[in-house]
> 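Mind having a look at this structure? Questions to follow.
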Amino acid sequence: MNSGADYNDKVIRLGIITTVAGLVANFIPAGYLAMIGVSPSLEDIVRILIVAATAFGVGWIVQPLSFYSLLGAGGSYIAWLCGNVADIRAPAATMAQKAADAEPGTKEGEIMTTIGIASSVFVSVTIITLFTFVGAHIVPILPKFVTKAFGYILPAVFGAVYVELAGKNLKVGLGTIILAVIISWGSKVVGIPGWLVTILIILAGIVVARIVYTLEKR
Amino acid sequence: MDLKTVMNSPAMWIASSIMIIVVIIQSILFFRMAVIEANHIGLERRRWLAGMRAAMVTAVGPSLSPVVILIALIAVLGAPTTWMRMNDIGAARTELAMSALAVKVYGVDMRSAAFDLKAFAYAVWGMAINNAGWMMVTLFLTHRMSNAEKTLSEKSDAAWVKLLMVGAMLGLFGFLWSGQLISGMDKVFAGAAAAVTMLAISHLFKSYPRLQELALGIAMLVGMFATAALF
């Protein structure tokens with residue numbers, strides 16, 4: 001039975017084809033504007049590229065790498081095309097595994113992240129499309145209490161996802177969040193850039209896992 | 001040609017819809033492939049359906065949260081561009097920041113009277129170039145990561161690889177959460193309230209699988225609204 005290898009190959013093939021399609025689609029509005037005669041000069045396009053790479057280039061590389069262990073290959077291809085990775089895709093993947101009782105790092109776990117992330121796309125596209133058309137009418141009549149609550153969605157999502165993940169190994173969970181807070185706070189004081197903080201804290205998580213592994217093995 | 005007519009024109013809607021179509025088709029194809037494989041390895045329909053429902057419920061809240069910035073983006077960039085960019089890679093804040101940076105290259109400001117059709121073209125190019133960065137990296141790195149993962153699990157102790165993955169995930173979400181934990185008592189409270197709710201649902205109500213599917217949705221609502229009420 002080499003269905004494992006087969007499935008992986010199929011995921012990668014589909015991922016490459018759909019990502020290339022996404023890259024083409026990504027430039028169609030810019031192409032249309034150029035067609036009707038409105039476009040930056042080639043020189044300015046290069047300038048924009050430099051500005052973008054300076055501001056976000058590290059994120060282009062660090063983010064797909066850091067989320068890989070959570071998303072898997074299939075989940076990565078979907079998530080880095082449709083976005084909202086930390087606040088929608090990763091929580092959906094975690095919950096899909098939890099509800100299906102599938103463990104991360106297993107074949108079942110990987111299938112469930114793909115199913116969960118794809119399902120979350122159907123929901124988010126529907127909601128965002130709806131709000132593109134009617135949002136201007138609804139948002140002004142929302143109670144202030146509700147718009148204020150929206151401001152707390154990120155800490156709430158991250159806190160809930162964290163304890164869910166920490167359930168896989170309480171010791172690693174506890175150790176990592178303590179180190180994470182110390183590193184985040186220290187970096188803010190010293191002024192270390194965000195992408196480096198991401199790497200440092202992920203490494204801290206791996207080191208804590210290694211320590212727990214070594215201690216439990218003895 | 002005038003900015004307002006071009007940025008909300010039918011042609012602009014069509015040009016922007018291609019990305020949405022690609023996003024939806026991609027998810028349908030991956031969904032189908034994963035379900036076929038689930039049946040193949042004996043992951044029961046009951047279980048993957050439960051996972052699917054849980055993921056869909058979880059996605060509702062975070063999809064609603066950018067509505068306020070969405071309205072602001074429509075005012076500056078028009079509805080078609082906003083619709084496309086909110087459904088593809090790049091968070092709302094990133095798209096706004098990148099547009100502003102690109103428009104600066106042209107030499108005007110985003111919300112000024114000088115923001116004309118040409119400035120709009122600069123913003124559209126800016127977002128396209130920036131989003132292409134993530135897609136290119138995904139294109140070149142994902143299969144390499146997949147191979148590296150395979151090699152790692154073949155060569156090392158399986159128990160360690162599993163724990164390594166858990167450590168990396170906890171590190172990632174530890175990074176995301178700790179950034180919130182150091183930025184004010186209200187955010188500490190929101191995260192703690194959601195975390196406690198999540199724990200309570202997972203442990204006290206273990207025997208209600210349907211409730212487990214809603215766990216994150218409920219935890220999120222408790223965290224958000226309790227904080228809005230108390231702070």
Side-chain angles (χ1 to χ4, degrees), chain A residues 12 18-19 21 25 28-30 32-33 38 47-48 51-52 60 68-70 73 76 80 82-83 87-88 92 95-96 99-100 105 111-112 114-116 118-121 123-124 127-128 131-132 148-150 152-153 155-156 158-160 162-163 168 176 180-181 184-185 201-202 205-206 209, chain B residues 15 18-19 22-23 26-27 31 34 47 50-52 54-56 58-59 62-63 65 67 83 86 89 101-102 105 121 128-130 133-134 137-139 142-143 145-146 162-163 165-168 170-171 173-178 180 182 187 190-191 194-195 198 213 219-220 223-224 227-228:
Chain A
I12 286 166
T18 51
T19 306
I28 287 177
Y32 163 71
L33 289 175
V38 209
R47 284 203 185 101
I48 294 172
V51 170
W60 297 342
Y68 184 83
S69 60
L70 192 91
S76 291
W80 299 107
C82 65
D87 58 345
I88 303 180
M95 285 305 293
I111 289 174
M112 284 319 300
T114 304
I115 289 180
S119 309
S120 77
V121 170
V123 174
S124 66
I127 291 179
I128 291 166
F131 271 91
T132 305
K148 187 180 169 196
F150 278 151
Y152 293 116
I153 200 158
F158 295 157
Y162 192 86
V163 294
K168 318 274 179 232
T176 303
V181 172
S184 278
W185 181 79
I201 297 180
I202 292 174
I206 294 173
Chain B
I18 312 292
M19 177 59 99
V22 171
V23 163
Q26 182 193 48
S27 277
F31 184 86
R47 282 170 64 206
M52 177 187 176
M56 292 178 93
T58 304
S63 304
S65 71
V67 294
W83 179 53
M86 295 290 282
I89 178 67
L101 289 171
V105 171
I129 288 171
N130 189 28
W134 278 285
V137 170
T138 304
L139 199 57
T142 308
H143 60 283
M145 289 297 280
S146 176
K162 222 173 192 178
L163 200 59
M165 293 296 221
V166 171
L170 283 167
F173 266 83
F175 159 70
L176 293 168
W177 192 20
S178 65
Q180 301 286 335
I182 57 166
K187 292 191 173 156
M198 190 78 189
E213 293 171 18
M220 208 154 52
M224 286 160 60
T227 314

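Keep in mind that the numbers below use all heavy atoms, side chains included, and drop hydrogens, waters and symmetry copies. Since the model is a prediction, treat every value here as computed from it, not as a measurement. Proteins get letters first, then strands, A, B, ... in listed order; numbering begins at 1 in each.
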> Flag the one option from A:T19, A:V181, A:I88 with the top tally of heavy-atom pairs under 4.5 Å to chain B.
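Looking at each option in turn, the highest pair count goes to A:I88.
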> For chain B, find which of A:I206, A:T114, A:V51 contributes the most heavy-atom pairs closer than 4.5 angstrom.
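Counting heavy-atom pairs under 4.5 Å, the top option is A:I206.
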> Quick one: does B:F31's side chain get under 4.5 Å of B:S27's, heavy atoms only?
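No, every pair of side-chain atoms sits at 4.5 Å or beyond.
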> Given the options B:I182, B:V23, B:V166, B:L101, which has more heavy-atom pairs under 4.5 Å with chain A than any of the others?
B:I182
> Check each atom of A:I12 against the heavy atoms of chain B and say whether the ones under 4.5 Å are side chain, backbone, both or neither.
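Side chain only.
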> Which bit of A:I128 comes within less than 4.5 Å of chain B, counting heavy atoms only: side chain, backbone, both or neither?
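Both backbone and side chain.
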> Please give me the minimum heavy-atom distance between A:A92 and B:A55, naming the atom from each residue.
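For A:A92 and B:A55, the tightest heavy-atom pair comes out as O-CB, 3.7 Å.
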> Can you name the closest pair of heavy atoms from B:M220 and B:P62 and give their distance?
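Shortest heavy-atom contact: CE-CD, 3.6 Å.
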> Tell me which of these, A:S120, A:A25, A:S76, has more heavy-atom pairs under 4.5 Å with chain B than the rest.
A:A25
> Can you tell which of A:G83, A:G159, A:A52, A:A209 has the highest number of heavy-atom pairs within less than 4.5 Å of chain B?
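Of the candidates given, the most pairs with chain B belong to A:G159.
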> Between B:K187 and A:P155, is there a donor-acceptor pair closer than 3.5 Å when you use the side chain of the first and the backbone of the second?
no
> Testing the basics here: between A:A180 and B:F175, what is the closest heavy-atom pair and its distance to 0.1 Å?
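Shortest heavy-atom separation between A:A180 and B:F175 comes out as CB-N, 4.4 Å.
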> In terms of heavy-atom proximity below 4.5 Å to chain A, should B:S178 be classed as side chain, backbone, both, or neither?
both
> Once the angle between the rings of B:W177 and A:Y162 is folded into 0 to 90°, is it parallel (under 30°), tilted (30 to 60°) or perpendicular (over 60°)?
tilted
> Locate the shortest heavy-atom distance separating B:A121 from A:L33; write the atom from each residue and the value.
CA-CD1, 3.8 Å
> Shortest non-hydrogen contact from B:M52 to A:M112?
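Heavy atoms only, the tightest pair is N-CE, 4.4 Å.
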> Counting heavy-atom pairs under 4.5 Å to chain A, which of B:M145, B:Q26, B:E213 comes out on top?
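Option with the greatest count: B:Q26.
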> If we define contacts as heavy-atom pairs under 4.5 Å, which of B:T227, B:L170, B:V67, B:I18 has the most with chain A?
B:L170
> Among A:A73, A:G205, A:A100, A:G105, who wins on heavy-atom pairs under 4.5 Å with chain B?
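Option with the top pair count is A:A100.
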> Is A:I153 in contact with chain B via its backbone, its side chain, both, or neither, using a 4.5 Å heavy-atom distance?
both
> Does the B:S146 side chain pair with the main chain of B:T142, one donor and one acceptor, at a distance under 3.5 Å?
no
> Contact part of A:F131 toward chain B, heavy-atom cut-off under 4.5 Å: side chain, backbone, both or neither?
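It is both, since atoms from each part get that close.
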> Does B:M224 reach the side chain of B:S65, with side-chain heavy atoms less than 4.5 Å apart?
no
> At a heavy-atom distance under 4.5 Å, which candidate from B:A219, B:A15, B:A54 has the highest pair count against chain A?
B:A15
> Just give me the residue among A:G116, A:A21, A:S119 that pairs up with chain B most often, heavy atom to heavy atom, under 4.5 Å.
A:S119
> Could you tell me which portion of A:S124 (side chain, backbone, both or neither) has an atom closer than 4.5 angstrom to a non-hydrogen atom of chain B?
both
> Determine the option with the most heavy-atom pairs under 4.5 angstrom with chain A, choosing from B:N130, B:L139, B:V137.
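Of the candidates given, the most pairs with chain A belong to B:N130.
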> Would you check if A:S184 and A:I201 make a side-chain contact, meaning some heavy-atom pair closer than 4.5 Å?
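Yes; the side chains approach each other to less than 4.5 Å.
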> Looking at chain A, which one of B:A50, B:G167, B:A102 has the largest number of heavy-atom pairs inside 4.5 Å, strictly under?
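Counting heavy-atom pairs under 4.5 Å, the top option is B:G167.
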